[in-house]
2 protein chains.
Amino acid sequence: MAKIKCQVDQCACSVCHVLQRSDWRVLAGDDLAILSSGVAMRHYRAGETIYWMGDANRGIHCVSSGLVGVRKIDAEGNSVLLRLGYPGDTLGYRSFLMGSEHKTSAETLEPTALCHVRPETVAQLLERNPSLGLQFLRRASDELEQAHHAIFQSVTLSNRQRFVHLLLVLARRHGRPRPDGSRTIRLPLSRGDLASMIGTRHETLSRIIGRLEADGVANFSGRLVHVPKLDALAEELEPGMAA
Amino acid sequence: MAKIKCQVDQCACSVCHVLQRSDWRVLAGDDLAILSSGVAMRHYRAGETIYWMGDANRGIHCVSSGLVGVRKIDAEGNSVLLRLGYPGDTLGYRSFLMGSEHKTSAETLEPTALCHVRPETVAQLLERNPSLGLQFLRRASDELEQAHHAIFQSVTLSNRQRFVHLLLVLARRHGRPRPDGSRTIRLPLSRGDLASMIGTRHETLSRIIGRLEADGVANFSGRLVHVPKLDALAEELEPGMAA
DNA sequence: CGGGGGTTTGAGTCCGTTCAAAATACGTGG
DNA sequence: CCACGTATTTTGAACGGACTCAAACCCCCG
């Protein structure tokens, strides 16, 4: 364990396998060296909490491998999964920049490796290289657009349509295409989390899944989904659909 | 008309009455002069469109006075008002930075004055002064947090609670406090737009308003609202409420 | 083999939607 | 200033979807 941790800790960011997909790709030379010196990688098991909503910010994280869930929870225990963090994604930059506590919680959904960047290092890099800030800005803009899209869909689409949309999104990331054009997806989420992402209860989602199977659009077996025709799914989102 | 327009056009940004509330407050000296030279103010009547969803970005706007609505619309005519733009707010920075078409439409909800900043000017300023990018980043982060909050509430709160929450927000901006502790609000929105902001239909909102009046929490007369006790409104959002 | 979390299913109820019509407010032109 | 037409808002009744509560089921893991 100590050995493994040590090995990855010594990895320089300049040779990171997700560097080109991450916000840090705008850095080079000395900046990359500074980043490396302020970074520590840590391995998480599935289901560990990275930070809690309400915690003070203690730097930002970069997903190296695995999968992270970002969620909001309230006092009654209501939990909504807001987005998923994939390798290359940055976590916690918002509370860092606003100088506020974390407004969301983050937890691992699979065994995950995260690189933690010390706050002083981030501040130093932002000052040295303005393009890093612009890169974060692009990320925030993109997330904002996605959030607006989600709000719009929650008003205009049915639960079934929203779930189909979510399935299509997950199919892109987690789906394995098959020679016959069908697709197999291993869902990284429980029914409860899937339900919260489309804004409904897990019981309702269960029934939606039942109807999807009855209609022959998709087959579910635990977290495994088989979609015979991806097009048939996509058609459910077309405007002017009956039945 | 021409005279008035001319007068405001000549206003330097350095003396702008909303400068200190705007993202441009991080600029000074030469930067402010550059900004001024790339800015043109325009007056809009209520209900005019500033840009359409799908339009190419042609620079960004700064609200000088009045009120702007940012919305998404789809082919079926569904319209959702996503947020309001007040004096000092910046519009269109997202599509500018992402180099994409506008993902939302913007329209005036009241007679409004907007300062348009040419794209080259924005690019030039972003390059000269990194703190402008960071300022935009803070704005985007803030909007993202608001969007996440809205998504969370749409899942966990009832229609009535969401409307009460919206009322409280609008009361802050548009409410006039009275000596006896009550408050009068002139709503800047139609029932349809209010309904879309909480994710429901205008008929449903009408009934919610009816119940609010029956419960003595607020009185509605057209776009005028009278709230006897603001605390009574706020209590509706407390967890563990019955009835 | 016995938990225990996650998932499915069931029945009843409530809330929100839909379609329709009436009532009210608003802007325009006479 | 009033009459008129239009848009917005309110109200009604019926329907349907989603929620709640509850129980049964399943599967994974110790």
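Worth knowing before you read on, the calculation uses all heavy atoms, side chains too, and leaves out hydrogens, waters and symmetry mates. Below, chains carry the letters A, B, ... as their sequence lines are ordered, and counting in each starts from 1.
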Quick one: [X] [atom1] to [N] [atom2], roughly how many Å, whole number?
X       : N       : atom1 : atom2 : answer
L187(B) : dT9(D)  : CG    : C1'   : 13 Å
R186(B) : dA25(C) : CZ    : P     : 14 Å
R223(B) : dA25(C) : CZ    : P     : 14 Å
I198(B) : dC15(C) : CD1   : P     : 15 Å
L224(B) : dT9(D)  : CG    : C1'   : 16 Å
L157(B) : dC15(C) : CG    : P     : 15 Å
R191(A) : dG6(C)  : CZ    : P     : 13 Å
F220(B) : dT9(D)  : CZ    : P     : 12 Å

Nucleotides 13-23 of chain D: protein proximity per nucleotide (B base, S sugar-phosphate only, - neither; heavy atom, under 4.0 Å): B----SSBB--

Between L205(B) and D193(A), the residue closer to the 5' end of DNA chain C by nearest nucleotide is D193(A)

How would you label the contact of S190(B) with the nucleic acid (heavy atoms, under 4.0 Å): base, sugar-phosphate, or nothing? sugar-phosphate

Could you tell me whether G192(A) contacts a base, only the sugar-phosphate backbone, or nothing, with contacts defined as non-hydrogen atoms closer than 4.0 Å? sugar-phosphate

Pair T184(B)-R178(B), side-chain donor/acceptor within less than 3.5 Å: yes

Side chain of S105(B), backbone of M53(B): donor and acceptor closer than 3.5 Å? yes

Does anything in residues 167-176 of chain B pair up under salt bridge (charged side-chain N to carboxylate O under 4.0 Å, His left out), and if so which pairs, sequence neighbours excluded? none

Check ion pair E48(A)-R42(A) (N to O, under 4.0 angstrom): yes

Do E101(B) and K103(B) sit within salt-bridge range, that is, some charged N less than 4.0 Å from a carboxylate O? yes

Other residues, nucleotides and ligands only: do more than 12 of their heavy atoms fall within 6.0 Å of CZ on R58(B)? no

Passing candidate, side chain to side chain donor-acceptor pair (under 3.5 Å) with H148(A), options R71(B), K72(B), R94(B): R94(B)

